[in-house]
There are 2 protein chains.
Amino acid sequence: MASSIAELIAERIDAMPAGERRAAQTLVANYPVIGLKTVADFSQQAGVSSPTILRFVSRLGFHNYPEFQAALQDELAAQLQSPLTRTVTAPSPDSGKTSPVLEATLNNIHETFRHVSEKQISEIVARLANPRAKIFLIGGRFTDPIAHYMAAHLTIVRSNVFHLTGQESTWRDRLIDMGKRDVLLIFDIRRYQESLIRLAEKAHARGVEIVLFTDQWLSPIARFARHVIAGRTAVPSSWDSSAALFVMAETLIGELTRAMEAESARRIREMEELR
Amino acid sequence: MASSIAELIAERIDAMPAGERRAAQTLVANYPVIGLKTVADFSQQAGVSSPTILRFVSRLGFHNYPEFQAALQDELAAQLQSPLTRTVTAPSPDSGKTSPVLEATLNNIHETFRHVSEKQISEIVARLANPRAKIFLIGGRFTDPIAHYMAAHLTIVRSNVFHLTGQESTWRDRLIDMGKRDVLLIFDIRRYQESLIRLAEKAHARGVEIVLFTDQWLSPIARFARHVIAGRTAVPSSWDSSAALFVMAETLIGELTRAMEAESARRIREMEELR
DNA sequence: AAGACGCCGTACCGTATGTTACGAATTTTA
DNA sequence: TAAAATTCGTAACATACGGTACGGCGTCTT
């Protein structure tokens, strides 16, 4: 027995043909507002034809579309009428429904940000906003994708962003391009990689400003780093979560975007024109 | 200036004639559901005639009834998207410290998981746990790092994991290795990339099972996908956040690790010995 | 490889829905 | 108290919306 329409869909979505499944997915993704609009709107959003929408609601057990909408409205009314149900069933199903890994991850994110000061962030952002500085990024085995992600976004708002990739010998030679004004962002969590430590040491010797993203036990690179972001990584599993570092990277991107609003807007406009 | 329709009503209700005031009161009492139903329903509930309802919405500044309904729906959508902003911002003292981007990100993660059923996750995990299936991963411009990250972790717990990287021509040829038993994980958010759509279409034609990680507007690839994970990406900035998808990827990794506990433990032990 | 089945979209239809005109009733003003 | 203005409902109207029949297409079966 399904109490809500969302559950009903989850039950039957497997028995649906491709088109109707697509309808089900868009409804779930925009639940429930899209279902309150017209069949035409719904079908367009889902990328299928209107009859498919009607067949979809029919398969859910409704005799016609208005009956389906009425059910959605009743559900909505029941949900909105009693603020208790909302605070009990909606926001805190975290405890019952969500997996322990997710819960730990959210905790990690919170904790990580609690231990990072605004000043620290603004200082890093200020440094990244300097257009004359070159920015290099690199990460370890599991964290290099985050470095890559961050590089992709930094490239949007400013120039001179370089993601060090490939073999160690390749990017080790890039040291020659790094100077006092430049910044090296390193992601390194357990088990800390020897190659990264060597790189950090040499870069530090050249006067490069190092920003380190690591775990709460701190990579040895911290010794050379100007700024250290220590993210919580512990989850109830045999591996370490990098979600906190990922969110931290996004936050820096966001702050930097805001700080460079004028310049980055112009840059983005130019990029659009190049397409 | 009134931000919500409810406020708009409160502002003007004194200047209304009796009939329209009744309409306003019933709308506030059953907000907003009654306004989503037909004019006839609304008028009957309020005990007035339909033209009175029309005059009422007209007095609120809307040109016609559908426009009024659209406004209600938009408001509802905005409200439902972030059910936590209200319950979180008030009680938690963090709200002063944390940036709006971070808050939105945490909301996105919550919302994303709310719209994904456990069954969906367990089915995907079951498929990934099949040792005979080959697993291919690929992503778009900003999401490919997530694919890369996930691939790095999947490699730990099982074999036959391939991250499609480099030029399009390179990985397009890998299609030949894909068969009915295999799984293709695609990350694709706005703006959806043509090349990925083409790949998905061809893979689908070969009977490959596609798992799509996209945003709430659903990449066109959803048409070919067996499973669709719709992550919230909206943050108060000019770019889209991928954090929800990242956490979702980690969750799948965690679940898979648990599901393959016996085998993966043996595999990890073997890897340790190889060092 | 040929047939059968089921799915999906195009085109059309009937109707429920929003809309408007007009007159009765009620309130306001002189 | 009478006239004027405003409000409100009845009834007729047009349109857009939900619904359906049909044919093409892909997929699975024997």
Side-chain angles (χ1 to χ4, degrees), chain A residues 9 12-27 32-73, chain B residues 5 12-27 32-73 179-181 200-210 218 220-226:
Chain A
I9 293 172
R12 309 202 180 172
I13 194 168
D14 296 317
M16 291 184 189
E20 300 179 29
R21 191 178 305 159
R22 197 161 151 71
Q25 281 155 351
T26 45
L27 176 57
V33 181
I34 187 67
L36 300 174
K37 298 183 188 282
T38 68
V39 175
D41 288 342
F42 193 167
S43 66
Q44 192 178 357
Q45 176 96 10
V48 298
S49 70
S50 4
T52 300
I53 300 295
L54 298 189
R55 282 187 282 262
F56 161 65
V57 302
S58 164
R59 193 177 297 261
L60 288 180
F62 299 99
H63 294 79
N64 50 32
Y65 194 72
E67 185 179 316
F68 162 71
Q69 286 190 318
L72 278 180
Q73 286 164 358
Chain B
I5 296 179
R12 307 199 184 174
I13 194 169
D14 295 322
M16 290 183 188
E20 300 179 28
R21 192 175 305 164
R22 287 188 66 178
Q25 282 159 352
T26 47
L27 175 57
V33 181
I34 188 67
L36 300 174
K37 298 183 189 284
T38 68
V39 176
D41 289 342
F42 194 167
S43 66
Q44 194 179 356
Q45 177 99 7
V48 297
S49 68
S50 356
T52 300
I53 300 296
L54 273 306
R55 282 187 282 265
F56 163 66
V57 301
S58 165
R59 193 178 297 261
L60 288 180
F62 298 100
H63 295 78
N64 49 33
Y65 194 70
E67 185 180 315
F68 163 71
Q69 287 190 318
L72 278 181
Q73 286 166 357
K180 283 197 200 308
R181 223 196 307 276
E201 185 173 6
K202 281 170 186 150
H204 178 69
R206 293 183 65 88
V208 178
E209 181 162 316
I210 295 179
L218 300 193
I221 295 178
R223 174 189 283 292
F224 311 113
R226 176 74 184 80

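Computed from heavy atoms alone, side chains included, the values below leave out hydrogens, waters and symmetry copies. A, B, ... follow the sequence lines: proteins, then strands. Residue 1 opens every chain.
Distances were taken from every side-chain heavy atom of A:Thr38 (C-beta onward) to each of D:dC17, D:dC8, C:dT10; the shortest belongs to D:dC17. Nearest to the side chain of A:Glu20, among D:dG18, D:dG9, C:dC8, sits C:dC8.
Residue-to-nucleotide proximity on DNA chain D shows that, of B:Ala18 and A:Gln69, the 5′-proximal contact is made by B:Ala18. Taking the nucleotide of DNA chain D with the nearest heavy atom to each of B:Thr52 and B:His204, the more 5' of the two is matched to B:Thr52.
Within the 4.5 Å cutoff, side-chain heavy atoms of A:Leu60 are placed close to those of A:Phe56. For the pair A:Arg21 and B:Arg226, the minimum side-chain heavy-atom distance is below 4.5 Å.
Atoms CZ (B:Arg223) and C1' (C:dC8) sit 10 Å apart, rounded to a whole Å. Put simply, CZ on B:Phe56 is 13 Å from P on D:dC8, counting in whole angstrom units. Rounding to whole angstrom units, CZ of residue B:Arg21 and P of D:dT6 are separated by 17 Å. What separates CZ of A:Arg59 from P of C:dC8 is a distance of 8 Å, to the nearest Å. In this entry the distance linking CD1 of B:Ile53 with C1' of D:dG9 reads 13 Å, nearest Å. To the nearest angstrom, P of D:dG18 lies 13 Å from CD of A:Gln44. Here the C1' atom of nucleotide C:dC8 and the CE atom of A:Met16 are 16 Å apart, to the nearest Å. Note: CZ (B:Phe68) to P (C:dT17) measures 17 Å, nearest angstrom.
Other residues, nucleotides and ligands place no more than 12 heavy atoms under 6.0 Å from the CD atom of B:Gln44. Around the CZ atom of A:Arg22, the shell of radius 6.0 Å holds more than 12 heavy atoms that belong to other residues, nucleotides or ligands.
When atom types are taken as modelled, the side chain of B:Arg12 and the backbone of B:Arg59 share a donor-acceptor pair closer than 3.5 angstrom. In this structure, the side chain of A:Ser58 does not engage the main chain of A:Leu54 through any donor-acceptor pair within 3.5 Å. Under a 3.5 Å cut-off, the side chain of A:Gln69 and the backbone N or O of A:Gly35 do form a donor-acceptor pair.
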Review item, nucleotides 19-23 of chain C N/O atoms under 3.5 Å of protein N/O:
unit_1, atom_1, unit_2, atom_2, d
C:dT19, OP1, B:Tyr65, N, 3.3
C:dT19, OP2, B:Tyr65, N, 2.9

